[in-house]
Participant: 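Here it is, the structure, as structure tokens.
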Amino acid sequence: MKAASISISKNEKTVRELYRTAEVKDTKSFISLFTKDGYFWDVSAGVKYYGQDIGKTVDIYAQAFPDMHRELLQFFVKDDENVVIVELTLNGTHKGPLALPAGEIPASNNVMNAPCCDVFYLENGKVKAFHCYTAGTIILGQLGALSNLSAAIKK
């Protein structure tokens, strides 16, 4: 019996390659997979990155989580609309400072295992827009950054 082969689209291949380059911390190749006017939007941090700054996202997580691994759970591909949606988890041990717009969270040695959903819009085989919806409060909780939340809450 011949094994069934699953064909994946050009758009899905591009997205899978983007994740691969992030896994091996190849920032230059990561950036090269975006269109000239493409961007990465870290929704939970409220920051959009353009041009060479797109690579900061790989570098920030690589510094904070040297063992960073993205477990890709499901792909939803709409090739007729050049859209790929990925459900995944972000996993790693917090061994270095995590740079955020408000400052840095020092290494906690805590393990992160957080859900994430990424939405990609592609154009001519490259990423035009990457919207990353991390579960920011889950990540901050796992890193111990929410332990003093009571100081910020007014009753």
Side-chain angles (χ1 to χ4, degrees), residues 4-35 37-102 104-105 107-146:
S5 64
I6 298 173
S7 175
I8 63 173
S9 71
K10 182 179 181 180
N11 287 337
E12 183 176 341
K13 285 178 184 175
T14 298
V15 170
R16 286 183 180 276
E17 178 62 8
L18 191 80
Y19 285 121
R20 188 197 69 74
T21 61
E23 284 288 304
V24 299
K25 301 166 184 72
D26 183 352
T27 304
K28 185 176 179 182
S29 292
F30 184 85
I31 295 166
S32 76
L33 292 166
F34 283 79
T35 62
D37 61 344
Y39 67 87
F40 178 101
W41 183 19
D42 183 343
V43 177
S44 69
V47 179
K48 280 187 181 177
Y49 299 93
Y50 296 88
Q52 295 300 305
D53 286 346
I54 288 171
K56 286 183 179 181
T57 59
V58 173
D59 298 338
I60 287 168
Y61 276 91
Q63 180 181 21
F65 305 94
D67 62 346
M68 179 75 170
H69 172 65
R70 294 150 187 89
E71 184 176 347
L72 309 178
L73 303 174
Q74 290 192 68
F75 277 73
F76 303 92
V77 180
K78 292 197 56 119
D79 278 325
D80 58 327
E81 297 177 25
N82 289 314
V83 175
V84 176
I85 301 168
V86 182
E87 181 181 7
L88 66 150
T89 59
L90 304 175
N91 310 284
T93 308
H94 188 207
K95 297 280 190 184
L98 176 60
L100 300 172
E104 287 187 348
I105 298 175
S108 65
N109 289 316
N110 292 353
V111 172
M112 171 184 66
N113 179 278
C116 184
C117 182
D118 292 337
V119 180
F120 297 89
Y121 299 91
L122 294 103
E123 183 178 273
N124 299 320
K126 291 201 169 208
V127 176
K128 177 139 181 108
F130 176 176
H131 298 182
C132 179
Y133 297 89
T134 59
T137 53
I138 291 174
I139 293 171
L140 293 174
Q142 291 175 347
L143 301 184
L146 296 180

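Since the structure is predicted, the reported quantities are computational estimates derived from the model, not experimental observations. We count residues from 1, following the sequence as given.
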Participant: Donor-acceptor pair, distance only, cut-off 3.5 Å: does the side chain of Lys48 make one with the backbone of His131?
Facilitator: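 Between the backbone of His131 and the side chain of Lys48 there is no qualifying donor-acceptor contact (under 3.5 Å).
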
Participant: For atom CG of Asn124, decide whether the heavy atoms of other residues, nucleotides or ligands shown that lie under 6.0 angstrom number more than 12.
Facilitator: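 Atom CG in Asn124 is not crowded, with 12 or fewer foreign heavy atoms closer than 6.0 Å.
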
Participant: If you round to the nearest 0.5 Å, how far is CG of Asn113 from OG1 of Thr93?
Facilitator: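 It comes to 10.5 Å.
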
Participant: Please confirm whether the backbone N or O of Asn110 pairs with a side-chain atom of Gln142, one donor and one acceptor, at under 3.5 Å?
Facilitator: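 Such a contact is absent between Gln142 side chain and Asn110 backbone.
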
Participant: Can you tell me if Lys25 uses its side chain to pair, donor with acceptor, with the backbone of Pro66 under 3.5 Å?
Facilitator: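 Yes; judged by distance alone, with no hydrogens or angles, the pair exists.
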
Participant: Take His94 and Ile105, measure what side-chain contact (heavy atoms from CB on, under 4.5 Å) needs, and give me the verdict at the end.
Facilitator: CA-CA 10 Å; His94 188 207; Ile105 298 175; 3.7 Å; yes

Participant: Just by modelled atom types, is the Lys126 backbone N or O under 3.5 Å from a matching donor or acceptor in the Thr14 side chain?
Facilitator: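 No.
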
Participant: Short question: side chain of Asp42, backbone of Val47 - any donor-acceptor pair under 3.5 Å?
Facilitator: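 A pair under 3.5 Å: no.
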
Participant: Can a donor-acceptor pair be found between the side chains of Asn11 and Ser9 at a distance below 3.5 Å?
Facilitator: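 No, no side-chain donor-acceptor pair sits under 3.5 Å.
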
Participant: Does any N or O in the side chain of Asn91 come within less than 3.5 Å of the main-chain N or O of His69, such that one atom is a donor and the other an acceptor?
Facilitator: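 Yes: the side chain of Asn91 pairs with the backbone of His69.
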
Participant: Of the non-hydrogen atoms in Pro101 and Ala45, which two are nearest, and what is the gap between them?
Facilitator: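 For Pro101 versus Ala45, the nearest heavy atoms are CG-O, 3.5 Å.
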
Participant: Could you tell me whether the side chain of Phe30 reaches within less than 4.5 Å of the side chain of Asp26, counting heavy atoms only?
Facilitator: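 With C-beta onward as the side chain, the pair stays apart.
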
Participant: Using the ring of each side chain (for Trp, its six-membered ring), is Tyr61 parallel, tilted or perpendicular to Phe65, with breaks at 30° and 60°?
Facilitator: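 Parallel.
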
Participant: For side-chain contact (heavy atoms from CB on, under 4.5 Å), just list the numbers for Gln52 and Ile31, CA-CA rounded to whole Å, side-chain angles, deciding distance to a tenth of an Å, and then say yes or no.
Facilitator: CA-CA 7 Å; Gln52 295 300 305; Ile31 295 166; 3.6 Å; yes

Participant: Just do the side-chain contact (heavy atoms from CB on, under 4.5 Å) check on Met68 and Leu90 with the steps written out, would you?
Facilitator: CA-CA 7 Å; Met68 179 75 170; Leu90 304 175; 3.7 Å; yes

Participant: Using every non-hydrogen atom in the two residues, find where Pro97 and Gln63 come nearest and quote the distance to one decimal.
Facilitator: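 Nearest pair, atom of Pro97 first, then Gln63: CG-NE2, 3.6 Å.
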
Participant: What is the distance from atom CG of Leu88 to atom SG of Cys117, rounded to the nearest 0.5 Å?
Facilitator: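 If we round to the nearest 0.5 Å, Leu88:CG and Cys117:SG are 8.0 Å apart.
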
Participant: State whether the number of non-hydrogen atoms from other residues, nucleotides or ligands found under 6.0 Å of Lys56 atom NZ is greater than 12.
Facilitator: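 It does not: Lys56 NZ has 12 such atoms or fewer within range.
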
Participant: Below 4.0 angstrom, N of the basic side chain to O of the carboxylate: do Arg20 and Glu23 qualify?
Facilitator: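 Between Glu23 and Arg20 there is no salt bridge, as every charged N stays at least 4.0 Å from the carboxylate O atoms.
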
Participant: In the structure I gave you, are the side-chain heavy atoms of Phe75 and Ile8 within less than 4.5 Å of one another anywhere?
Facilitator: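 Phe75 vs Ile8: side chains apart.
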
Participant: Do the side chains of Ile60 and Leu98 get nearer than 4.5 Å, heavy atoms only?
Facilitator: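 With C-beta onward as the side chain, the pair touches.
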
Participant: Heavy atoms, side chains only, cut-off 4.5 Å: are Thr21 and Glu17 in contact?
Facilitator: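 When only atoms from C-beta onward are counted, Glu17 and Thr21 do touch, with a gap below 4.5 Å.
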
Participant: Could you check whether the rings of Tyr39 and Tyr50 sit parallel, tilted or perpendicular, using 30° and 60° as the cut-offs?
Facilitator: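 Because their plane-to-plane angle lies in the 30° to 60° range, the rings of Tyr39 and Tyr50 count as tilted.
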
Participant: So, taking the atom named OH in Tyr19 and the one named CG in Leu33, what distance separates them when rounded to the nearest 0.5 Å?
Facilitator: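 Nearest 0.5 Å value for the OH-CG distance: 12.5 Å.
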
Participant: At what distance, to the nearest 0.5 angstrom, does CD1 of Ile138 lie from CG of Leu143?
Facilitator: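 Separation between the atoms: 11.5 Å.
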
Participant: May I ask you to decide if the ring planes of Phe130 and Phe120 are parallel, tilted or perpendicular, using 30° and 60° as cut-offs?
Facilitator: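 Rings of Phe130 and Phe120: tilted, as their planes differ by 30° to 60°.
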
Participant: Step by step, work out the side-chain contact (heavy atoms from CB on, under 4.5 Å) result for Leu122 and Val15.
Facilitator: CA-CA 9 Å; Leu122 294 103; Val15 170; 4.3 Å; yes

Participant: Taking all heavy atoms of Cys116 and all of Thr134, pick out the closest pair and write down the distance.
Facilitator: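 It is SG-CG2, 3.8 Å.
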
Participant: Could you report the tightest heavy-atom contact between Ala107 and Gly96, atom names first, then the distance?
Facilitator: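 Closest approach of Ala107 to Gly96, heavy atoms only: CB-N, 3.6 Å.
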
